[in-house]
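Chain identifiers are assigned alphabetically (A, B, ...) following the order of the sequence lines, protein sequences preceding nucleic acid strands; residue numbering begins at 1 within each chain.
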Amino acid sequence: MLQRQEQIKVGINDLIINKESQKSIIELKYVDSFVLLPVEPFNFRYTLWKPSHFYTGLEAHSVQYSWRTYKLGEKPLGTKIYMNNNNLVVDIFAEGNLDAQDISSLKNRITHSYGLNEDLSCLENIKCSHNYLCKAIEDLYGMHISCPENLFEISIVSLLLQNTTIKRTTGMFQNLIDYYGQLVTFDNICLRVFFTPLDMVSVDEAELKEKCRLGYRAKFVNNYARYFVDNDDNSLQSYDKETLLKELQTIKGVGPYTANVIAAHSLRDFKAIPFDSWNRKIIGGRLFGKSDLEASVLQNMMENMFGDYAGLIALYLIEYEYINNPVVPLID
DNA sequence: GACCAGGTTTTGC
DNA sequence: GCAAAACATGGT
């Protein structure tokens with residue numbers, strides 16, 4: 001693990017930063033609010049906060065509130081999100097004023113990130129032969145897929161998950177975002193902001209290895225950055241899902257797993273399951289009592305049982321696994 | 001030291 | 001084409 005300078009905790013969320021970074025914290029000011037109406041059933045808490053998600057420093061959650069940063073073009077933004085009756089309220093924090101188009105793209109991004117327009121009442125019709133699964137669906141009922149990351153960001157997250165431990169994934173992520181991302185503070189919260197493809201396109205591979213400890217992944221970061229500088233999310237929207245996933249796998253470092261992470265999270269495909277050594281154990285173990293089933297075997301079993309909702313069911317099982325022991329607990 | 005981690009690319013039949 | 005090896009790094 002990289003040795004660090006003196007570290008301090010900032011914000012009521014206790015973000016850990018290097019002391020020398022403190023001077024570069026960007027203060028975001030409240031600029032506006034808007035309200036979105038999620039389709040019912042909508043479980044606010046388990047949609048925006050996932051008990052199984054590893055620490056990023058991009059978001060913080062309490063029982064009532066969720067704070068999150070976004071990169072809108074090159075502008076860093078902060079959001080504070082909470083429920084008011086059936087409305088999802090979004091307070092926006094930024095460096096300066098935002099124009100109508102900024103607000104509109106943020107609305108779209110949040111709506112998409114949390115699937116506010118998706119109807120999950122289909123969960124009631126799932127044939128629940130497994131008692132454990134019934135409990136998972138009941139206790140997490142209305143939980144949507146969450147993916148506030150854009151295509152570049154989710155690809156980077158997935159790259160860092162490949163063939164290593166979560167401990168090291170978290171370490172690599174913190175190193176990367178520490179060197180190449182931003183630090184912001186708003187509403188007494190301090191958070192990190194993702195770097196953009198442009199930030200990474202000319203970063204030296206040796207630097208990524210030596211400073212960020214990325215290992216063999218270092219050479220892939222440039223590939224990802226180059227691709228997403230040339231192809232922003234809007235231009236990729238013209239592809240249908242199958243074509244896009246094939247297209248993304250032409251990027252060196254994006255294989256079937258990463259493509260499936262993108263499908264299941266960013267493209268919000270209820271059927272896709274990004275099988276890895278971790279969730280194979282959980283899904284195989286909980287549903288079939290076998291923790292060492294091959295991904296292809298599990299895929300077939302899940303599709304036979306749950307059809308187009310196989311991925312959604314996988315999500316419920318995975319999050320339920322951590323419900324009483326979350327990787328990153330809620331703050332007070 | 002060997003082996004494994006929330007995979008992917010390269011190599012060698 | 002397909003299986004096996006190689007890939008960086010850190011922990012056990």
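- Per the geometry, NZ belonging to A:K252 stands 16 Å off P belonging to C:dC7, to the nearest Å.
- Without hydrogens or angle criteria, A:R45 side chain to A:K50 main chain gives no donor-acceptor distance under 3.5 Å.
- For A:K209, counting side-chain heavy atoms from C-beta on, the closest listed nucleotide (C:dA8, B:dG6, B:dT8) is C:dA8.
- Two residues, A:V254 and A:T165, neighbour DNA chain B, and the one matched to the more 5' nucleotide by heavy-atom proximity is A:T165.
- Two rings, from A:Y132 and A:Y316, have their centers 6.0 Å or more apart.
- Remark: A:K167 is not in phosphate contact with B:dG6, judged by side-chain N or O atoms under 4.0 Å from OP1 or OP2.
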Practice task
Evaluate the criterion side chain to side chain contact (heavy atoms under 4.5 Å, CB included) for residue pair A:I8 and A:I16; output intermediate values, then yes/no.
Solution key: CA-CA 6 Å; A:I8 53 173; A:I16 298 170; over 6 Å; no

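- In this structure, A:I251 reaches the sugar-phosphate backbone alone: every heavy-atom distance under 4.0 Å involves primed, P, OP1 or OP2 atoms, never a base.
- Neither side chain, A:N13 nor A:W67, offers a donor N or O lying under 3.5 Å from an acceptor on the other.
- If you check C:dT9, B:dT8, B:dG6 against the side chain of A:R168, the one that comes closest is C:dT9.
- In the set B:dT10, C:dC7, B:dG6, the nucleotide with an atom closest to the side chain of A:N163 is C:dC7.
- Rounded to whole Å, atom C1' of C:dT9 lies 19 Å from atom CZ of A:F173.
- Within the 4.0 Å cut-off from OP1 or OP2 of C:dG10, at least one side-chain nitrogen or oxygen of A:R213 is found.
- As a whole-Å value, the separation of A:Q249 CD from B:dT9 P is 8 Å.
- Look at the C1' atom in both C:dA4 and B:dG6: the space between them is 22 Å, to the nearest Å.
- Separating the P atom of C:dG10 from that of B:dT9 is a span of 23 Å, rounded to the nearest Å.
- Counting any heavy atom pair closer than 4.0 Å across all strands shown, A:S52 reaches a base atom.
- Rounded to whole angstrom, the span from the NZ atom of A:K211 across to the C1' atom of C:dA8 amounts to 19 Å.
- No aromatic stack links A:Y257 and the base of B:dG7, using centre distance under 5.5 Å and interplanar angle under 30°.
- Phosphate proximity of B:dG6 to A:S158: absent, as no side-chain N or O sits under 4.0 Å from OP1 or OP2.
- Taking the side chain of A:K281 as heavy atoms from C-beta on, and the options B:dA5, C:dA8, B:dT8, the nearest nucleotide is B:dA5.
- In this structure, A:F54 and A:F220 both approach DNA chain B, and ranking their closest nucleotides by distance from the 5' end singles out A:F54.
- A:T164 and A:R168 form a side-chain donor-acceptor contact under 3.5 Å, judged by distance and modelled atom types alone.
- For the pair A:I154 CD1 and B:dG7 P, the computed distance is 15 Å after rounding to whole Å.
- Taking 4.0 angstrom as the limit, A:T164 places none of its side-chain polar atoms (N or O) nearer than this to OP1 or OP2 of C:dA8.
- The distance from atom CZ of A:R217 to atom C1' of B:dG7 is 8 Å, rounded to the nearest whole Å.
- No engagement by A:P274 is indicated, since no non-hydrogen atom pair under 4.0 Å with the nucleic acid exists.
- Rounding to whole angstrom units, CD1 of residue A:I273 and C1' of B:dG6 are separated by 14 Å.
- Between A:L161 atom CG and C:dT9 atom P the separation is 18 Å, expressed in whole Å.
- In this structure, A:K271 forms no cation-pi arrangement with A:Y309, as its terminal cationic atom is not both closer than 6.0 Å to the ring centre and no more than 45° off the ring axis.
- Using a 4.0 Å heavy-atom criterion, one finds that A:T258 contacts the sugar-phosphate atoms exclusively.
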